[in-house]
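The structure displayed is predicted, hence computed values, not measured ones. As a basis for the values below, the full set of heavy atoms in this structure was taken, side chains included, without hydrogen atoms, waters or symmetry mates. Lettering follows sequence order; numbering is per chain, from 1.
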Protein chains: 2
Amino acid sequence: MDQTLRDQITDISKLSDEELSLLIAHAQNRQLKKGEILLHEGEVCRAFYLVEKGYLRTYYNKKGVQINLSFAFEGNFTANLKSIKNKQGSEFVIEAGEATMVWVFNIDAISVHFNTHPQFTLFVRRLAVRLLLASEEYSNLFKLYTPAERYQHIEKNNPQLLQRISLSQMASYLGVARETLSRIRGKNH
Amino acid sequence: MDQTLRDQITDISKLSDEELSLLIAHAQNRQLKKGEILLHEGEVCRAFYLVEKGYLRTYYNKKGVQINLSFAFEGNFTANLKSIKNKQGSEFVIEAGEATMVWVFNIDAISVHFNTHPQFTLFVRRLAVRLLLASEEYSNLFKLYTPAERYQHIEKNNPQLLQRISLSQMASYLGVARETLSRIRGKNH
DNA sequence: AACCACCTGTGATAAAAATCACAATCGGTA
DNA sequence: TACCGATTGTGATTTTTATCACAGGTGGTT
């Protein structure tokens with residue numbers, strides 16, 4: 001039943017069966033409706049999230065306009081690491097893009113076991129490095145490529161993203177106007 | 001003599017005196033002339049670098065045009081973490097922006113001690129998280145701000161950068177043409 | 001001082017993208 | 001089927017930025 005959950009955790013870092021069970025015992029299950037917010041702006045993030053069904057969208061609210069920063073689909077983790085690490089209010093919002101089921105791993109609950117289970121420390125740090133490397137990869141798109149090249153990069157390296165989210169959401173993610181992305185897409189026929 | 005070196009390391013993660021000495025024993029000192037390359041394109045990065053004097057510039061070579069990605073000044077670490085982690089050739093070049101003195105911490109040399117000195121593992125991971133969070137912070141400039149806002153953000157949060165590097169280097173770092181940055185700067189009088 | 005390499009400012013023009021406006025399409029539903 | 005809301009395509013226009021060209025300026029070196 002929660003075998004996939006176990007697989008997704010051990011994909012980050014190997015844990016003993018006992019440690020796995022202990023970690024999972026701390027995971028809380030949450031059901032979110034489309035548009036429901038998991039982490040509010042200004043709220044300190046105290047957990048990382050694993051998506052079981054649906055997807056989570058992270059965005060920045062710039063004067064009422066939402067700028068998409070990341071998407072996490074089935075089997076992927078997400079969090080606001082800056083907020084967690086610095087214990088500061090989140091600049092970003094994490095919300096459900098569809099009806100979504102997530103596992104919530106509360107950091108405080110887990111950190112209680114850091115001394116007795118050093119593998120937990122490793123797991124959390126590996127997860128952080130993985131999330132941050134992915135974030136760096138994505139953000140280099142903006143430094144190194146033009147809007148059209150960014151779209152082609154997604155087409156090539158992350159095509160499932162195009163199936164799951166609307167053109168408008170993708171335009172915000174790629175940092176271009178919806179109309180511009182529509183024209184880019186038209187050119188590539 | 002190397003008290004500042006010790007301080008810069010313990011700023012990342014606390015180590016015992018013995019561990020500090022062991023770590024420092026693995027650090028190699030390198031002198032670089034202006035323009036000398038520390039990490040070549042295609043080379044696998046196997047170390048992290050601590051700048052003692054001068055500065056290191058990381059850039060991406062796009063069809064002969066250098067696009068600046070980061071600068072590390074006195075007391076700061078840098079590396080190509082993606083290359084280290086995935087053991088893949090670096091897409092980026094790290095070179096000295098001035099006559100520069102660096103401490104080179106070879107990962108393989110240090111990892112030998114990971115089992116006997118778990119604090120080394122922690123140190124490396126903390127360093128990685130710090131570098132990646134800084135990288136994320138910087139890259140959000142591109143998603144969230146216009147060129148003029150980016151420049152003002154640097155003026156406010158990192159003014160020493162403007163003292164140390166030329167307008168041309170800064171323009172490449174901010175992702176705008178040199179002329180555009182000159183005009184932005186003119187407007188802010 | 002004379003020279004040179006490099007950097008910066010600025011005008012003119014071209015290219016790219018944003019914005020505005022509106023028509024067309026698609027799904028779900030009464 | 002007819003309606004409604006959300007999404008997408010597309011033309012016209014404006015705004016922003018890049019590109020090109022060139023004129024100072026600066027600092028180091030001989």
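Atoms CZ (B:Arg183) and P (C:dT13) sit 13 Å apart, rounded to a whole Å. Between the CZ atom of A:Phe142 and the C1' atom of C:dA17 there is a distance of 15 Å, rounded to whole Å. As rounded to whole Å, 9 Å separates atom C1' of C:dA17 from atom CD1 of A:Ile184. Distance A:Arg178 CZ to C:dC20 P: 12 Å, rounded to the nearest Å.
Between B:Tyr55 and B:Phe73, the ring planes are tilted. Angles from 30° to 60° get that label. Relative orientation of the A:His113 and A:His117 rings is perpendicular, given thresholds of 30° and 60° on the angle between their planes. Using the six-membered ring where Trp is involved, B:Tyr60 and B:Phe92 have ring planes that are perpendicular, over 60° apart on the 30 and 60° scheme.
Between A:Tyr145 and A:His153, a ring centre-to-centre spacing shorter than 6.0 Å is recorded.
For the OP1/OP2 pair of C:dG9 and a distance below 4.0 Å, the side-chain nitrogens and oxygens of B:Ser182 include at least one atom meeting the criterion.
If A:Val176 and B:Ser168 are placed on DNA chain C by their nearest nucleotide, the residue sitting closer to the 5' end is B:Ser168.
Among all heavy-atom pairs drawn from A:Tyr59 and A:Asn68, the shortest one is CB-OD1, 3.7 Å.
Close approach of DNA chain D to chain A, defined as any atom under 4.0 Å from a non-hydrogen atom of the protein, starts and stops at D:dT8 to D:dA12.
If you take CZ on B:Phe48 and CG on B:Leu127, they are separated by 5.5 Å, rounding to the nearest 0.5 Å.
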